[in-house]
Trainee: 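This is the structure I have questions about; it appears just below.
These numbers come from the heavy atoms of this one structure, side chains and all, not from hydrogens, waters or symmetry mates.
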2 protein chains.
Amino acid sequence: MAIKKKERAVCEVSCDHPETVSLAKKELIPARQAQQAAELFKALGDATRVKMLRALAKRELCVCDIAAVIKMSQSAVSHQLRVLRGARLVKYRKEGKRAWYSINDRHVAALLLQGIEHVRHA
Amino acid sequence: MAIKKKERAVCEVSCDHPETVSLAKKELIPARQAQQAAELFKALGDATRVKMLRALAKRELCVCDIAAVIKMSQSAVSHQLRVLRGARLVKYRKEGKRAWYSINDRHVAALLLQGIEHVRHA
DNA sequence: ACTACATATGAGCAGATATTCATATATAAC
DNA sequence: GTTATATATGAATATCTGCTCATATGTAGT
């Protein structure tokens, strides 16, 4: 009974196809990788950030230029840039008062564009 | 004064580089596309869904098998499958009581794997 | 030192999200 | 029909997110 209760806590149904399930379990993505991939996609999963990244993929821009281009407040842009920095999707350099942002590398750009292309043809 | 207030509502700073900004504005991704791409990435932006999709990319699985593989409740899996269906990331067929799910197409699989590869080498 | 400006950040709030629990729906076996 | 099983879904809840507003930090010019 204790055992039955424990099993229920994990999975309350029992239609399992043992070989398939054990194979799939062996090939299951490690939790850490899944979490990191999810965080990457999550950082891409906001319309404001997609607009920003798409613009930054074309050219380096300073914060207030980004704000002007996508028509959002400087504060909102700055907060979102922090998210993008945290996910290593953008890099930046300081020049006097300005901070010039650009997309981090071509892999990020490729991923972004692939997502955009996918919805364009769907 | 009314005008100044309106401008502030859009962008309260004024360090714009006019040519760069107007170029970037011209190339700005349409709002609708940005929204759709964001929704696509958002659907990929959860560790549970990444695990599910990664498993479904390898083979077709029924709901309770998915639950067993990723060790989550049937209900939680079913709710997440709805999200994945909504984003057209998975397809399914009914066979008696069972629902067999698989990844929708190779573009989705490619996008997923590209994201996973990116975090693996980062 | 003082002012102006560009950017970053913390608090607060409104809306979204992921899970659990209970239940509904649908199919199959008896 | 009744019962068992597989899946779907609604409600409730706790957590997270994205924005605004106010303010802090840092740099340049006077």
Side-chain angles (χ1 to χ4, degrees), chain A residues 5 8-17 20-21 31 34-35 38-39 41-53 60-87 90-101, chain B residues 5 8-17 20-21 34-35 38-39 41-53 60-68 70-87 90-101:
Chain A
K5 205 166 184 183
R8 274 183 55 84
V10 165
C11 174
E12 65 258 35
V13 290
S14 52
C15 72
D16 300 348
H17 305 93
T20 313
V21 169
Q35 186 58 45
E39 271 157 29
F41 287 126
K42 203 174 297 185
L44 290 164
D46 175 83
T48 298
R49 290 194 292 272
V50 167
K51 286 181 202 168
M52 291 170 59
L53 277 176
E60 190 184 47
L61 291 169
C62 73
V63 178
C64 66
D65 285 346
I66 302 173
V69 169
I70 68 168
K71 297 189 175 61
M72 302 224 42
S73 72
Q74 175 270 322
S75 181
V77 168
S78 210
H79 277 295
Q80 297 295 22
L81 283 170
R82 184 152 68 142
V83 175
L84 295 176
R85 279 194 323 260
V90 297
K91 59 179 188 289
Y92 75 111
R93 61 187 178 86
K94 289 280 267 188
E95 184 186 281
K97 295 183 264 195
R98 299 232 168 77
W100 292 92
Y101 281 82
Chain B
K5 206 167 184 181
R8 274 184 55 82
V10 165
C11 174
E12 66 258 32
V13 290
S14 52
C15 73
D16 298 4
H17 306 92
T20 311
V21 168
Q35 186 57 46
E39 270 157 28
F41 287 126
K42 203 175 298 186
L44 290 164
D46 176 84
T48 298
R49 291 195 291 271
V50 167
K51 287 180 202 168
M52 292 171 58
L53 276 176
E60 192 184 47
L61 290 169
C62 72
V63 178
C64 65
D65 285 346
I66 302 174
I70 69 168
K71 297 188 176 60
M72 301 223 41
S73 72
Q74 175 270 322
S75 181
V77 168
S78 209
H79 278 295
Q80 297 294 22
L81 282 170
R82 184 153 67 142
V83 175
L84 295 176
R85 282 195 319 262
V90 297
K91 60 178 186 289
Y92 74 112
R93 62 188 178 84
K94 290 279 268 187
E95 183 186 283
K97 294 183 265 194
R98 299 233 168 76
W100 293 92
Y101 281 83

Trainee: Tell me whether the OP1 or OP2 atom of C:dT19 has a side-chain N or O from B:Gln80 closer than 4.0 Å.
Mentor: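 For B:Gln80, the contact criterion (side-chain N or O under 4.0 Å from OP1 or OP2 of C:dT19) is met.
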Trainee: I need the CZ-C1' distance between A:Arg82 and C:dA11, as an integer number of Å.
Mentor: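 Those two atoms, CZ and C1', are 12 Å apart.
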Trainee: Starting at CG of B:Asp65, measure out to NE2 of A:His17 and round the result to the nearest 0.5 Å.
Mentor: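 The distance works out to 5.5 Å.
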Trainee: Between CG of A:Asp46 and CG of A:Leu53, what distance do you get to the nearest 0.5 Å?
Mentor: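 If I round to the nearest 0.5 Å, the distance is 10.0 Å.
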Trainee: Nearest-Å distance, CG (B:Asp65) to P (D:dA6)?
Mentor: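 Going from B:Asp65 (CG) to D:dA6 (P), I get 10 Å.
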Trainee: Decide yes or no, distance alone: a donor-acceptor N/O pair under 3.5 angstrom between the base of D:dT9 and the side-chain of B:Ser75.
Mentor: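 In this structure, the two groups form a donor-acceptor pair.
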Trainee: To the nearest Å, give me how far apart CD1 (B:Ile66) and C1' (D:dA8) are.
Mentor: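 From B:Ile66 CD1 to D:dA8 C1': 13 Å.
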Trainee: What is the distance, rounded to the nearest whole Å, between atom NZ of A:Lys97 and atom P of D:dT27?
Mentor: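 After rounding, the reported distance stands at 11 Å.
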Trainee: Send over the distance from A:Glu95 CD to D:dT27 P, rounded to a whole Å.
Mentor: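 Whole-Å distance recorded here is 13 Å.
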Trainee: Go nucleotide by nucleotide along DNA chain D from the 5' end; which of B:Arg85 and A:Asp46 gets its closest nucleotide reached first?
Mentor: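 Mapping each residue to its closest nucleotide by heavy atoms, the 5'-most match is B:Arg85.
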Trainee: Taking the nucleotide of DNA chain C with the closest heavy atom to each, which residue, A:His79 or A:Ala99, is nearer the 5' end?
Mentor: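 It is A:Ala99 whose nearest nucleotide is closer to the 5' end.
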Trainee: Roughly how far apart are A:Leu84 CG and A:Lys91 NZ, rounded to 0.5 Å?
Mentor: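 Output value for this atom pair is 13.5 Å.
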Trainee: Given that A:Lys94 and A:Ala76 both sit by DNA chain D, which one's nearest nucleotide is further toward the 5' end?
Mentor: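 The residue closer to the strand's 5' end, by nearest nucleotide, is A:Ala76.
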Trainee: Counting only side-chain nitrogens and oxygens, does A:Ser73 get under 4.0 Å of the OP1 or OP2 atom of D:dC21?
Mentor: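 Negative; the distance criterion is not met.
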Trainee: Once you round it to whole Å, what is the distance between C1' of D:dG18 and CD of A:Gln74?
Mentor: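 To the nearest whole Å, that distance equals 15 Å.
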Trainee: In whole Å, what is the span from the CG atom of A:Leu81 to the P atom of D:dG18?
Mentor: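 Checked: the CG to P distance equals 13 Å.
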Trainee: Compare side-chain N and O positions of A:Ser78 against OP1 and OP2 of C:dT7 and report whether any pair is under 4.0 Å apart.
Mentor: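 The answer is no; no side-chain N or O of A:Ser78 sits under 4.0 Å from OP1 or OP2.
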Trainee: With respect to the side chain of A:Val63, which nucleotide from C:dC21, C:dT27, C:dT7 is positioned closest?
Mentor: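 Closest nucleotide among those given: C:dT7.
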Trainee: Quick one: which of C:dT19, C:dA22, D:dT17 gets closest to the side chain of A:Lys42?
Mentor: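 Nucleotide nearest to A:Lys42's side chain: D:dT17.
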Trainee: Working to the nearest 0.5 Å, report the span between CD of A:Gln74 and NE2 of A:His79.
Mentor: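 Spacing of CD (A:Gln74) from NE2 (A:His79) equals 8.5 Å.
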Trainee: Measure CE/B:Met52 against C1'/D:dT7 and give the value in whole Å, please.
Mentor: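 Rounded to the whole Å, the gap is 13 Å.
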Trainee: When you measure from the side-chain N and O atoms of B:Tyr101 to the phosphate of D:dA8, is any distance below 4.0 Å, counting only OP1 and OP2?
Mentor: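 It does, given that an N or O in the side chain of B:Tyr101 lies less than 4.0 Å from OP1 or OP2 of D:dA8.
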Trainee: Does B:Arg98 have a side-chain nitrogen or oxygen under 4.0 Å from the phosphate oxygens OP1 or OP2 of D:dT5?
Mentor: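 No, because none of the side-chain N or O atoms of B:Arg98 sits under 4.0 Å from OP1 or OP2 of D:dT5.
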